[in-house]
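Everything on this sheet refers to the single structure shown next.
Remember, it's a predicted structure, so these values are computed and weren't measured experimentally. Hydrogens, waters and symmetry mates are skipped; everything else that's a heavy atom, side chains included, is used.
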Amino acid sequence: MSKLASKRHLISFVEPKSPISEAYRSLRTNIDFSSIDDNIQVIMVTSATPGEGKSTTIANLAVVYAQADRKVVLIDADMRRPTAHHTFSVSNRRGLSTILSRQCDIEESVQSTEIPNLSIIPSGPVPPNPAEMLASKRMSALIEQLREQFDVVLIDTPPTLAVTDAQIVSTKCDGSLLVLEAGKVKSDMVLKAKQQLTQVNARILGVVLNSVKQKNGDGYYYYQYSTTEK
């Protein structure tokens, strides 16, 4: 039995024909067509506050990109509350923190998953200085190296309003997605999260609205994407 088979939040792998999985594929398509002239290769996913589904979103987005025959790597840059190693059932002994602290090479930390085309760089052991590590030249060099090795680089970060990590990482990416839970986050917090990203000239590709029920009342839990550009 697959180690991932019981993980509901990887529905795009467990139930690829479900309406929710189709919503993730639509999100992938929207990102691909968000810019005709520029290559959107390195994408950060964050949220305004904790518990809005950003890690679930990025994990499923990674799966649907891999299913489209793209070579994908997901970096768990949430070194404060990491989850990717649990989601994909990989070791967290080595990862982003050990790469950035020069305790290991990139090749030692990139782990394959049972999903074809999808690799993971877990967070690694929790460091005392996540923000400083993410702001380092070594982090920039890591991203540039991964650009050469993978078609898509996805980076999971802590919530924008909690710490500065997302702002730092956004400056190194081609675009950012903001995940919001419908009915949970207040509009002023959304605006503040967006403002913090735009202050560092982050390119916000759009918003993923999470926990929206379909109008026909069937109760499906799915994601709605909207661009932030007018």
Side-chain angles (χ1 to χ4, degrees), residues 10 12 24 27-28 31-32 34-35 38-46 54-55 57-80 82-127 129-158 165-177 197 200-205:
L10 270 183
S12 54
Y24 283 119
L27 174 59
R28 179 193 67 201
I31 294 171
D32 287 342
S34 62
S35 177
D38 300 326
N39 183 27
I40 306 297
Q41 183 181 5
V42 180
I43 304 164
M44 182 191 82
V45 177
T46 188
K54 67 175 179 62
S55 295
T57 299
I58 197 171
N60 282 281
L61 185 59
V63 171
V64 296
Y65 265 118
Q67 289 170 340
D69 205 26
R70 310 273 189 95
K71 191 177 181 183
V72 183
V73 62
L74 190 160
I75 306 173
D76 190 350
D78 190 344
M79 292 185 284
R80 302 168 192 269
T83 60
H85 61 291
H86 292 305
T87 302
F88 292 94
S89 300
V90 299
S91 170
N92 197 38
R93 189 166 62 90
R94 291 174 178 163
L96 184 60
S97 64
T98 54
I99 294 173
L100 299 180
S101 60
R102 301 180 184 274
Q103 296 179 50
C104 70
D105 296 328
I106 295 175
E107 291 74 16
E108 297 177 86
S109 296
V110 176
Q111 301 184 50
S112 60
T113 70
E114 63 182 273
I115 300 170
N117 301 317
L118 178 55
S119 299
I120 301 293
I121 298 180
S123 68
V126 176
N129 56 340
E132 289 79 3
M133 282 187 160
L134 294 173
S136 68
K137 292 181 179 178
R138 190 161 173 80
M139 179 65 181
S140 298
L142 169 63
I143 292 175
E144 291 309 308
Q145 183 172 339
L146 294 173
R147 282 183 187 272
E148 299 297 321
Q149 298 177 2
F150 294 90
D151 300 318
V152 180
V153 180
L154 298 172
I155 307 177
D156 187 6
T157 67
D165 299 18
Q167 291 174 273
I168 293 169
V169 173
S170 69
T171 64
K172 305 175 187 289
C173 299
D174 301 326
S176 302
L177 288 176
L197 291 174
V200 294
N201 296 318
R203 181 180 182 181
I204 303 177
L205 300 175

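Partners of Asp32 by side-chain hydrogen bond (donor to acceptor under 3.5 Å, both in side chains), not counting sequence neighbours, listed by chain and number: Tyr65, Arg70. In this view, Gln149 and Glu107, Gln145, Leu146 satisfy the side-chain contact (heavy atoms from CB on, under 4.5 Å) rule, not counting sequence neighbours. Checked against side-chain contact (heavy atoms from CB on, under 4.5 Å), Ser123 has the following partners two or more places apart in sequence or in another chain: Asp76, Met79, Pro82, Asn92. Partners of Ala131 under the side-chain contact (heavy atoms from CB on, under 4.5 Å) rule, at least two apart in sequence or in another chain, are Arg80, Thr164, Asp165, Ile168. Applying the side-chain hydrogen bond (donor to acceptor under 3.5 Å, both in side chains) test to Asp156 and every residue at least two apart in sequence or in another chain returns Lys54, Ser55. Looking at residues two or more places apart in sequence or on another chain, you find no side-chain hydrogen bond (donor to acceptor under 3.5 Å, both in side chains) involving Glu132. With sequence neighbours left out, the side-chain contact (heavy atoms from CB on, under 4.5 Å) criterion links Ala59 to Leu10, Thr87, Phe88. In this view, Arg138 satisfies the side-chain hydrogen bond (donor to acceptor under 3.5 Å, both in side chains) rule with no residue, not counting sequence neighbours.
Asn117 places a side-chain heavy atom less than 4.5 Å from the side chain of Asp69. Proximity of Ser119 to Gln111: side-chain heavy atoms (C-beta onward) are nowhere separated by under 4.5 Å.
Met139 CE to Thr171 OG1: the interatomic distance, rounded to the nearest 0.5 Å, is 9.5 Å. The CG atom of Leu197 sits 6.0 Å away from the OG atom of Ser176 when rounded to the nearest 0.5 Å. Ser12 OG to Ile115 CD1: the interatomic distance, rounded to the nearest 0.5 Å, is 7.0 Å.
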When you look at Ile58 and Ile43, which way does the side-chain contact (heavy atoms from CB on, under 4.5 Å) test go after all the steps?
CA-CA 10 Å; Ile58 197 171; Ile43 304 164; over 6 Å; no
Check step by step if side-chain contact (heavy atoms from CB on, under 4.5 Å) holds for Thr46 and Leu177.
CA-CA 6 Å; Thr46 188; Leu177 288 176; over 6 Å; no
Take Arg28 and Val63 through the test side-chain contact (heavy atoms from CB on, under 4.5 Å) and record every step on the way to the result.
CA-CA 10 Å; Arg28 179 193 67 201; Val63 171; over 6 Å; no
Could you go through the side-chain contact (heavy atoms from CB on, under 4.5 Å) check for Asp174 and Arg147 one step at a time?
CA-CA 11 Å; Asp174 301 326; Arg147 282 183 187 272; 2.8 Å; yes
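Under the salt bridge (Lys or Arg N to Asp or Glu O under 4.0 Å) criterion, the residue pairs touching residues 93-106 are Arg94-Glu108, with sequence neighbours excluded.
Residue Met44 comes nearest to Cys173 through the heavy atom pair CB-SG, 3.8 Å, listed as atom of the first residue, atom of the second, then distance. Nearest heavy-atom pair across Val72 and Ala66 is CG2-N, 3.7 Å.
Using modelled atom types, one side-chain atom of Ser97 and one backbone atom of Pro125 make a donor-acceptor pair closer than 3.5 Å. Under the 3.5 Å distance criterion, the side-chain polar atoms of Thr113 are matched with a main-chain donor or acceptor of Leu118.
Across Ile155, Leu96, Thr157, a single residue satisfies side-chain contact (heavy atoms from CB on, under 4.5 Å) together with Leu134, and that is Leu96.
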